[in-house]
Amino acid sequence: MSERDDLLAEIEAVSGRLAAASPKSAQEARAIEKDLLSALAVIKKKLASLLPEERRHVGAALGEAQRKVIETVAELRGELEREEEARRLASEWVDLTEIVADPWPVGRLHLVTTTRDELEDVFVSLGFSVAEGPEAETDFYSFEALNIPRDHPARSMFDTLFLDVGGEELADPSQSPFLMRPHTSPVQIHLMEEQGPPIYAVMPGRTYRRETPDARHLATFHQIEGLVVDRTVTFGDLAGTIEVFTTAYFGTGVHSRLRPSYFPFTEPSAEFEITCTICSGKGCRTCSQTGWIELGGCGMVDPAVFAAVGIDPEEWSGFAFGFGIDRCAQMRHSIPDMRLLIANDVRFARQL
Amino acid sequence: MKVPLSWLRDFVEVELEVDELARVFDDLGLVVEGVQRFGEGLDGVVVARVSEITAIEGADRIRRVVVDAGDGEVEVVCGAWNFSEGDLVPLARVGAVLPGGFEISQRKMRGVLSNGMLCSGRELALSEDGEGILVLGEGAVVGTPLAEALGIAPDVVFDLAVEGNRPDALSIAGVARDLAARLGLDWSVPPLPAPLGDVAEASAEEGCLVKEGGETDVTIRVECPQLCDRFGAWVISGVAVAASPAWMQRRLSMAGMRPINNVVDVSNYLMVEIGQPNHPYDLARLSGRGLVVRVAEPGEKLVTLDGVERTLGLGYDSRPGPADCVIADAEGKVVGIAGVIGGASSEIAEGTCEVLLEVAHFDPMAVARTSRRLRIRTEAALRFERGCDPAAIETTGERFVRLLAAISPKGSRLSVTQVSTALGERPSPRRVLIRVPRVNAILGTDLKAEEVSAHLRSLGFVVDEDGADGGRGGSGQVGDSGEVLVVEVPTFRPDCEREIDLIEEVARIHGYSRIPRRALLVPRAGGLTAYQRERRKVRQVAALALGATEAWTPSFLAPGDHHRAGLAEPEVVVANPVAREESVLRSSLLPGLLAALSRNVSHRNADVILFEVGHVFERAKGSSPAVPDEREVLAVMCADASGSREGVMAAVRAWRVLEDALGLRGVEIRQEPVGGLHPGRAGRLISRGDEVGVLGEVHPAVAEAFGLPGRRIGWLEVALGWESSGGRSSEEGIGILSSVPRRPPEVREPSPYPSADLDLAFAVPEDVPAESVRRSIENALGSAGEWVVLFDVYRGAEIQPGSRSLAFRARVALPDRTLTDADLADLRARAIDAVERETRGRLRS
């Protein structure tokens, strides 16, 4: 046998080993590849002693064998790697529902906050701004400027908490000029004094009454009031605004109606009622079979209020309205007892 | 105001169904708070005569009664003792359903079969009397249905909520007037209360009404005309006190008043019917023949009709002062509180035969003050303080006498003398102008002058259509919209003083629902202020980034709560608290949130993070009393059950998150003791010299005082600032949303060249804040520094006592080229130099 044939036989043997190889893993396949390629490399070294023509012939066979080793092993390895990957992934299966990082990953906003934000947003979308003011107030801003002088019987509509700010002792608490605002109307006065007309604003905020809380009332609660002052503002505008708000906030099936009432700071005054959200106006226990539930009060700004803030009632007219934020929240979420709102129990908040 | 329908129909012939009527009332602003039906459920109740009463063996409360019900004898068991054999009584037969829904069935009691029930007035909803069986007068025919025998038709009572500006509607007449105006019906005062029935006819024949010529020794003197401008008095003699007739008792009962006797009942009847309170005195029981209206002496006492002794003329502090208007007898002894309540001593009683009737007009404010301070809420005070008709005194007195005569027992003779010494001037109606264009400008309507005046006329206003527009002569033509109407306001409408008051009446009678609605076009963009937007963000950060749940804790705390939380007791308190526990105006959210946390922990909600945005208050600086200073603050309270540093770490982390989320700049943590907090784990947040908040860990003793022993509680309380339409001093504007500098609006382009990290560890004395070292490095690196963070703290053997090792990592890059080794060495040297120079920190080798 010639040297050439020997080498060809050696190459043939390597090819044979390749054909026989059945690696169990990608790693083993890489070892076999390394092994066979180094066997071929040993053969390659021997080519030098061949005649050029033989060398070309054997070289071609060697190259072919090399290529085959690489290709075959790559193929084997790819298959094995895919299998291994599949096995590994299968072994990494987890039950997604057993992953509990934190039972309550985020906190909650107070129901009154979210309700207030929603109400603000409705009015902002109508072109209103939002005005705020202090909770501790003076008698002037809470009563006098609102056409409720001292000893006016209407004061009994507002059970007010008066403040003792130190200094001289008070004979009669209700004679204190300082108090916790019983409504957010003082903000209307500040706004009219400081900004002047035209005004399109709502005033949300916390208010206080001298009451014992029960399931339907809190002594501390939240109101949102609205004030519009411009030329040619009418009662028709008030009724239209209440209706637009009602439908925007409570839904398209909910409407409003006004009926005469009395407030010292508005005239004409009205209570506004909305379609009962429990029975959709058909009549139920909540609405005493009327189909309507009372939401708040409203009216045209009384000329006496304008006079108190130096706005000419012949030039400007306006309307005001107000209702309870907490009550809106109660209606929306069917809260059985208003005191839940001040209990600060996270078990309540987490339901929201 | 309880309004029986039958009474209303004396004034206006209304035929509407009850539901429909209720809607009309609502629409008039007389809100129907309840509808009660009387005189129904009388089916199966008949007149029966008691024929036999026998005791039941072994029973001492009930008796066996046999009655004749017309169709034979019926045996019943009865527990009442107020009747005797031969009396006529109402018998509810088996199967009858009484007004309360109680169905009569056959029952056996103590072996006796009861085949029905004898009823009281209350059980039949005919009166308030539930004490005994209703004993009927002679004349009723045995066996006839009770309703027929009594001439009772079923009645409906509307309970109306009358607004404070409508004193006129606190009467049947006033309510009827509104109704007539709205429905376009006629309204008139019944000549005498109807139906008087046969009782009245009998008395009209035999009782009589004698007017004397004004000769009387009774005198009336008003010493305080500013509190009482009119005082009408009538002396009525020949009075025989007796029970008033059933129809009157029934009406009074339905109107919510208790029938007492004919004189008192007539007094109350008139108050309800025409709204004018009045007071009858037993003249014989007054000392001296006359009355004096005066201001009470401080400390003067009176036992009022309700049997309570009242002290007059004293303020809340028991010091003399307020002017209580009282009625005294001729010898000066107080016999009544003007417009509020009468005295017990001159009460009309069985033997009264001479009545002194008072019909007066008192100052509404004075009555309101007195009634509020003495806490006496009477029907009279309610009407006086809202404003009674000062012109109605004469007619009320006359009507009283006629009504009393009409219901007096047969044969009684009344003689009457009016004492007019203090009557005063009869006020004339007020004149108010109303401009028709103004009506339409306020309401958004297109009403014509005719409509405006028709609405007002229907309420009893007198409108002169030719008045102010002048020159039109007596054409009677109501003209174009430029018109001004002159309106005479009747004296029973004290609320209608101005044009706007009349516009409201026009709107009310026209109907609010008929005023066209207009969609408001707001000629400007609405929106939240920057402060309001940022405050919403603060809440979102607290809830979403810190996982905190928002609380709403009370603004008023108990005395001692602040002290328990390690804070100074606030000076501002509620002067008239409902309870002592809610009397101190909070100066911090700490006590309230601790209490909230404690409650949650007691419900086993242990690892809770709470936050609150709320107002806190402080006594205003300065010597004169002023509105308290007020700030809006955010507080975060982190409770964690474990870890010795968890509390303070959570607080600092909360601050860092907030600071970063809002882009706050230059707020320094100045570590120092803070009230309520752990002395070694507390600090103040300082921005440009102003304190904007505090943070740290709640003092263990405070935690324990709030029932949270052993808990490490993180605390952060920061001022948000102050933005309000009632803003006061600029000082109140300090807070993270108002005064603290924010991240600048200009931004720097990140370097495109590779960055490198410098790690530097320093031995730093314990009293040097890590932050000051970090800032030294940051400043030294200048624009080359991307960030500098503390990544390791080590205390141990290799560090000398009193110091710790602080390791910082700084990422550096140059804006214009790649860093060289020389650059790095230079930056490193600058950082080390700065730290060693500025902070007493030493590089660890």
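Chain naming here is simple, since letters A, B, ... match the order of the sequence lines and numbering starts at 1 in each. Side chains included, hydrogens not; waters and symmetry mates left out as well; all remaining heavy atoms used.
The parts of A:Thr220 that come within reach of chain B are both its backbone and its side chain, each placing non-hydrogen atoms under 4.5 angstrom from that chain. Of the two parts of A:Pro177, neither the backbone nor the side chain holds a non-hydrogen atom closer than 4.5 Å to a non-hydrogen atom of chain B. At a 4.5 Å heavy-atom cutoff, the contact between A:Arg206 and chain B is made by side-chain atoms alone. The contact between A:Val233 and chain B is made entirely by backbone atoms, counting heavy-atom distances below 4.5 Å. There is no contact between B:Asp19 and chain A, counting heavy-atom distances below 4.5 Å. With a threshold of 4.5 angstrom between heavy atoms, A:Ser256 approaches chain B through its backbone and through its side chain. The part of B:Pro577 that comes within reach of chain A is its backbone (N, CA, C, O), which places non-hydrogen atoms under 4.5 angstrom from that chain. Contact annotation for A:Ala219: neither backbone nor side-chain heavy atoms come within less than 4.5 Å of a heavy atom of chain B. Contact annotation for B:Arg23: neither backbone nor side-chain heavy atoms come within less than 4.5 Å of a heavy atom of chain A. Both the backbone and the side chain of A:Leu161 come within contact range of chain B, with heavy atoms under 4.5 Å apart. Both the backbone and the side chain of A:Phe162 have a heavy atom closer than 4.5 Å to some heavy atom of chain B. Heavy atoms closer than 4.5 Å to chain B are found in the backbone of A:Thr160, but not in its side chain. With a 4.5 Å cut-off on non-hydrogen atoms, A:Tyr208 touches chain B through its side chain but not through its backbone. A:Leu341 touches chain B through backbone and side chain together, each having a heavy atom under 4.5 Å away.
With respect to A:His190, the side-chain contact (heavy atoms from CB on, under 4.5 Å) criterion is satisfied by exactly one of A:Glu137, A:Met203, A:Gln195: A:Glu137.
Ranked by non-hydrogen atom pairs under 4.5 Å with chain B, the options A:Asp237, A:Asp159, A:Val112 are led by A:Asp237. Of the listed residues A:Gly166, A:Gly240, A:Gly236, the one with more heavy-atom pairs under 4.5 angstrom with chain B than any other is A:Gly236. Interface remark: of the candidates A:Pro313, A:Ala201, A:Ser317, A:Pro313 forms the most heavy-atom pairs closer than 4.5 Å to chain B. Ranked by heavy-atom pairs under 4.5 Å with chain B, the list A:Ile342, A:Thr241, A:Leu258 is led by A:Ile342.
The aromatic rings of A:Phe265 and A:Phe263 sit parallel, their planes meeting at an angle under 30°, below the 60° perpendicular limit. Note: A:Phe123 and A:Phe245 have parallel aromatic rings, judged against thresholds of 30 and 60 degrees for the angle between ring planes.
A:Arg116 and A:Glu132 are joined by a salt bridge, as a carboxylate oxygen and a charged side-chain nitrogen come within less than 4.0 angstrom of each other. Using a 4.0 Å cut-off between charged side-chain N and carboxylate O, B:Arg166 and B:Asp178 make a salt bridge.
Distance CG/B:Asn165 to CG/B:Asp501: 8.5 Å, rounded to 0.5 Å.
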